[in-house]
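Chain A is the first sequence line, chain B the second, and so forth, proteins listed ahead of strands; every chain is numbered from 1.
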Amino acid sequence: MLDLRYVVENLEEVRAALARRGPTSKQSLDPIAALAPRRSVLMQRLQAVREEKNEANAAMAKLDKQSDEFKARRESLKRISDETKQLEAEERQVQVELEHALLMVPNLPAASVPDGKSEADNVEVRKHGEKPSFAFAPKDHVDLGMTLGIIDFDRGAKLSGARFSVLKGHGAHLERALLMLMLDLHTREHGYTEIWPPALVNDESLRGTGQLPKFAADLFRIAPDWQEGITTADKEPAPRRELYLIPTAEVPLTNLHRDEILDGDALPIKYTAYTPCFRSEAGSYGKDTRGLIRQHQFDKVELVRFERPATAEAALQELTGQAEAVLQLLGLHYRVVELCAGDLGNGAKRCYDIEVWLPGQNAYREISSCSWFGDFQARRARIRFRDKPGDKPQVVHTLNGSGLAIGRTLVAVLEQYQQADGSVRVPKALIPYMGGLELIK
RNA sequence: GGAGGAGUGGCCGAGUGGCCUAUGGCGGCGGACUUGAAAUCCGUUGAGCUCGCAAGGGCUCCAGGGGUUCGAAUCCCUUCUCCUCCGCCA
């Protein structure tokens with residue numbers, strides 16, 4: 001969420017920055033430009049009326065309640081009270097509309113972000129390692145996994161439907177080994193604190209990180225039916241308490257400090273967590289239908305940081321490097337691209353995608369996305385910090401990145417480490433986590 | 001799932017319709033005393049919004065939301081959270 005005052009005072013500048021994302025983003029500002037002046041006028045009137053009312057009421061307390069004067073004043077106060085209520089209702093309405101409009105506006109891209117309309121305009125920043133060369137036609141992970149008996153797509157579909165799968169034997173073990181390796185690396189080498197959060201969160205949490213209200217269609221929502229029968233005194237149905245399956249651990253990790261003022265000395269705060277992630281993948285019909293690449297449920301180790309504004313952009317570089325370290329440890333070839341303004345995620349100011357090489361697809365595919373959000377999430381979630389007692393609280397900056405998507409890492413290991421006979425070598429760093437197993441065959 | 005109880009400032013806790021601009025204590029910060037510290041004493045102590053060049057005003061916030069009233073921390077409705085007991089369960 002952008003700062004309302006900043007938007008109002010710098011309307012054209014903000015509009016220009018949003019235009020870099022595309023025409024739709026630019027238009028999201030229009031309702032705010034219309035509502036903000038109305039709110040301002042209303043607030044001033046309301047405040048004046050309330051002041052008058054407060055003063056008059058204070059005088060009432062000193063009067064004899066039986067006197068005629070008391071009765072007369074009560075009558076006149078009734079009118080002021082009614083006016084106040086009416087103004088309050090109007091103000092509430094404008095406030096709600098303004099809040100909603102503000103929640104729909106995406107973040108401003110950092111000045112350094114390259115121009116561009118789509119994925120095609122992203123800029124390659126660096127490559128690590130070499131594409132593995134094969135003396136045979138490399139298979140994709142679907143062939144490898146099914147032949148080795150370690151991935152079962154048919155039974156995944158039987159249990160849950162399309163975009164679900166089952167890992168079995170060494171496949172299941174590989175998933176577990178990868179998440180262990182990643183958590184160990186980030187906690188031991190990179191100084192992150194390990195968290196094991198809930199996988200179901202409330203709507204307030206999703207608003208904090210920016211998935212709601214704009215991207216509700218991407219989420220799986222749970223409405224407990226035990227609440228079905230509850231009604232309020234007016235026989236209206238009670239608002240349902242809804243929970244959502246997390247699309248990423250970013251949501252619970254970032255919201256850990258929602259509505260808090262952090263001690264400046266505690267910054268930066270760095271959390272990592274393994275969680276399953278759930279995405280409805282609405283609108284992706286026909287895309288990546290084969291294999292593990294795009295599932296409704298997948299595993300991921302996530303990195304989340306809370307930073308001072310001054311150190312946040314540098315922290316993005318460090319964070320990206322920490323995600324890359326996993327791929328380096330596993331000896332996987334990858335490249336890093338910086339997203340252009342048109343491809344940038346809604347809340348991000350700046351973002352690097354790490355793309356791992358998949359020989360079976362003859363393509364680089366995203367395996368991590370590392371973003372700097374500025375104060376966009378922290379303002380929504382009211383996460384602030386204070387350096388010295390007495391200082392004004394400041395909004396923190398948040399960052400997060402996958403470290404890494406485990407399913408896609410498993411795919412990359414299978415495809416990059418495959419051998420002519422269809423067996424797969426276990427990367428050296430993973431062997432201890434695989435109980436000494438060196439070859440999956 | 002059933003039956004009770006409770007949510008007040010960083011923390012504890014008083015407050016049962018107007019004298020609440022929220023008592024008191026603890027903690028924090030500043031100062032006095034002291035060679036220094038402790039003890040003691042004095043002062044201070046949240047967040048958001050808004051008017052103003054400023055100095056300085058003003059408004060809102062007692063778990064969240066709604067209501068009653070001229071006036072609500074206090075009364076009513078509702079949601080949430082926590083605690084105790086019973087039941088069930090990994």
Distance below 4.0 Å between A:Ser81 side-chain N/O and B:G71 OP1 or OP2: yes

Complementary nucleotide for B:A6 - Watson-Crick or wobble, under 3.5 Å: B:U81

Under 3.5 Å, which protein N or O atoms sit close to an N or O of nucleotides 18-20 of chain B? Give each pair with its distance.
residue	atom	partner	partner atom	Å
B:G18	N2	A:Asn57	O	3.4

Candidate list A:Thr254, A:Val304, A:Leu253, test side chain to side chain contact (heavy atoms under 4.5 Å, CB included), partner A:Thr209, passing option: A:Thr254

Residues in contact with RNA chain B, drawn from residues 205-214 of chain A - heavy-atom cutoff 4.0 Å: none

Partner nucleotide, any strand, of B:C41 [Watson-Crick/G-U, under 3.5 Å]: B:G31

So which protein N/O to nucleotides 88-90 of chain B N/O distances come out below 3.5 Å?
none

A:Leu358: which of A:Ile293, A:Asp140, A:Leu414 passes side chain to side chain contact (heavy atoms under 4.5 Å, CB included): A:Ile293

Report, one line per pair, each donor and acceptor closer than 3.5 Å where one atom sits in a side chain of residues 2-22 of chain A; sequence neighbours left out.
residue	atom	partner	partner atom	Å
A:Tyr6	OH	A:Glu13	OE2	2.9
A:Asn10	ND2	A:Tyr6	O	2.9
A:Arg15	NH1	A:Asp30	OD1	2.8
A:Arg20	NE	A:Asp115	OD1	3.0
A:Arg20	NH1	A:Ala110	O	3.4
A:Arg20	NH2	A:Val113	O	2.3
A:Arg20	NH2	A:Asp115	OD1	3.0
A:Arg21	NE	A:Asn107	O	2.7
A:Arg21	NH1	A:Leu344	O	3.1
A:Arg21	NH1	A:Gly345	O	3.2
A:Arg21	NH2	A:Asn107	O	3.2
A:Arg21	NH2	A:Gly345	O	3.0
A:Arg21	NH2	A:Asn346	O	3.3
A:Arg21	NH2	A:Ala348	O	2.9

Every protein N/O within reach of nucleotides 65-68 of chain B N/O, cut-off under 3.5 Å:
residue	atom	partner	partner atom	Å
B:G66	OP1	A:Arg92	NH1	3.4

Nearest-angstrom distance from the residue atom CG of A:Asp263 to C1' of B:G10: 12 Å

Spacing of A:Glu52 atom CD relative to B:G71 atom C1', expressed in whole Å: 15 Å

Pair partner, B:G1 [Watson-Crick or wobble, under 3.5 Å]: B:C86

Those residues that, when tested against A:Ser368, pass side-chain hydrogen bond (donor to acceptor under 3.5 Å, both in side chains) (two or more places apart): none

Pair A:Gln93-A:Glu97, side-chain donor/acceptor within less than 3.5 Å: yes

Presence of A:Asn54 side-chain N/O under 4.0 Å of B:G71 phosphate oxygens OP1/OP2: no

Plane angle bin for A:His257 and A:Tyr271 - parallel if under 30°, tilted between 30 and 60°, otherwise perpendicular: parallel

A:Arg365: partners by side-chain hydrogen bond (donor to acceptor under 3.5 Å, both in side chains), with sequence neighbours left out: A:Asp288, A:Gln361

Residues that A:Lys349 engages under salt bridge (Lys or Arg N to Asp or Glu O under 4.0 Å), provided they are two or more places apart: none

Separation of B:U69 C1' from A:Lys78 NZ (nearest whole Å): 9 Å

Protein-nucleotide distance (A:Phe385, atom CZ; B:A47, atom C1'), rounded to Å: 16 Å

Among A:Arg379, A:Arg380, A:Gln377, the one residue meeting side chain to side chain contact (heavy atoms under 4.5 Å, CB included) with A:Thr398: A:Gln377

Residue pairs, two or more places apart or on separate chains, that pass side-chain hydrogen bond (donor to acceptor under 3.5 Å, both in side chains) and touch residues 428-438 of chain A: A:Asp184-A:Tyr433

Distance below 4.0 Å between A:Arg386 side-chain N/O and B:G46 OP1 or OP2: no

Option from A:Arg155, A:His296, A:Lys158 for which side chain to side chain contact (heavy atoms under 4.5 Å, CB included) with A:Phe164 holds: A:His296

Partners meeting ring-ring contact (aromatic ring centres under 6.0 Å, His included) with A:His190 (sequence neighbours left out): A:His186

Atom-pair distance (CG on A:Asn202; P on B:U79), nearest Å: 17 Å

Sequence-aligned protein contact record of nucleotides 48-54 of chain B, with B where the base is within under 4.0 Å of a protein heavy atom and S where only the sugar-phosphate is: SSSS---

Name each donor-acceptor pair under 3.5 Å that joins a side chain in residues 309-319 of chain A to protein atoms two or more places apart or in another chain, with its distance.
residue	atom	partner	partner atom	Å
A:Thr311	OG1	A:Glu307	OE1	2.7
A:Thr311	OG1	A:Arg308	O	3.2
A:Glu313	OE2	A:Arg350	NH1	2.7
A:Gln317	OE1	A:Tyr352	OH	3.4
A:Gln317	NE2	A:Tyr352	OH	2.9
A:Glu318	OE2	A:Arg305	NH1	2.8
A:Glu318	OE2	A:Arg305	NH2	3.1
A:Glu318	OE2	A:Gln322	NE2	3.4

